[in-house]
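Each ligand, and each atom within it, is numbered from 1 in the order the structure gives.
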Amino acid sequence: MQTDRVFFLGTGDAYSAGGRYQSAYLLESCGAFLLLDCGPGTLGSLKRHELSASPIDTILLSHFHGDHFAGLPFLFLEYVYVNPRTKPLRIIGPPGVEDRVMQIFRAMYADSGAAPLPYELQFIEAQPGTQLAFDNVKIEPFRVPHQEHPPSYGYAIRSEDRKIVYSGDTGWTDDLLMHTEDTDLFICECSFFETRLATHLDYPRIAENLERFGTKRIVLTHLGQEVLSRRQEIDLEIAYDGLIATL
Ligand SMILES: [Zn+2]
Ligand SMILES: [Zn+2]
């Protein structure tokens with residue numbers, strides 16, 4: 001049985017609380033490399049942690065807030081000028097993924113964004129309730145309460161007999177209990193401590209529901225300043241840039 005590894009590249013919130021990079025996680029599973037979200041500092045974090053961007057063939061986007069996908073243009077140019085690639089790059093996300101990604105690419109690099117890339121970008125609109133399968137990895141998106149139009153997703157990712165769930169950005173919903181049932185790892189956003197919103201999670205909310213999660217390991221991420229300031233009151237595992245979770 002092969003080992004799965006998750007490299008936590010960016011564990012900060014949209015404001016890079018504590019100097020942390022914004023959202024990005026690299027999953028190595030059965031020889032495949034998947035990137036979960038691609039915040040603006042993703043390429044910098046890969047290089048800081050001496051990880052290559054070259055093996056990444058699939059990128060999952062949870063939603064279209066900049067802290068989750070504004071790193072893509074830098075990755076696109078890396079694959080042209082620094083570590084050229086010819087193999088396709090697959091980008092999976094909510095409906096409208098191609099438009100949103102190409103808009104941000106053209107806004108940031110009008111010249112490169114207007115020219116054809118030397119590799120193919122394959123965009124896939126994921127639909128909740130359906131499963132995508134690539135490289136021995138099965139991917140299931142599910143709706144989470146965050147952005148409504150277009151919808152925000154969390155993802156369940158299965159390989160061999162392991163299951164990982166990434167919450168993306170989400171408010172509380174009991175659906176999280178169902179989706180994280182029998183997971184080996186739940187990468188769970190935790191933006192706040194004392195602030196309670198319908199569109200993000202806070203630590204007390206996670207703690208009060210902890211017994212109801214059927215996961216072997218929960219790691220808190222997308223950490224805001226409130227959480228970092230009160231981290232000594234937190235009993236759960238807190239992610240940091242550079243954390244490697246081995247499954
Ligand atoms: Zn976010
Ligand atoms: Zn967001």
Ring centres of Phe76 and Phe105 under 6.0 Å apart?
yes
Looking at Lys163 and Asp184, is any side-chain nitrogen of the basic one under 4.0 Å from a carboxylate oxygen of the acidic one?
no
Suppose the cut-off is 2.8 Å; which protein N/O/S atoms would you list for the Zn ion (ligand 2)?
His63 NE2, His65 ND1, His146 NE2, Asp169 OD2
Any donor-acceptor pair under 3.5 Å linking the side-chain atoms of His146 with those of Thr199?
no
Within 45° of the ring axis of Phe134 and under 6.0 Å from its six-membered ring centre, is that where the NZ or CZ of Arg90 lies?
yes
For Thr170 and Glu189, does a side-chain donor sit closer than 3.5 Å to a side-chain acceptor?
no
Residue pairs meeting side-chain hydrogen bond (donor to acceptor under 3.5 Å, both in side chains), one or both in residues 238-247, sequence neighbours left out, come to Thr11-Asp241
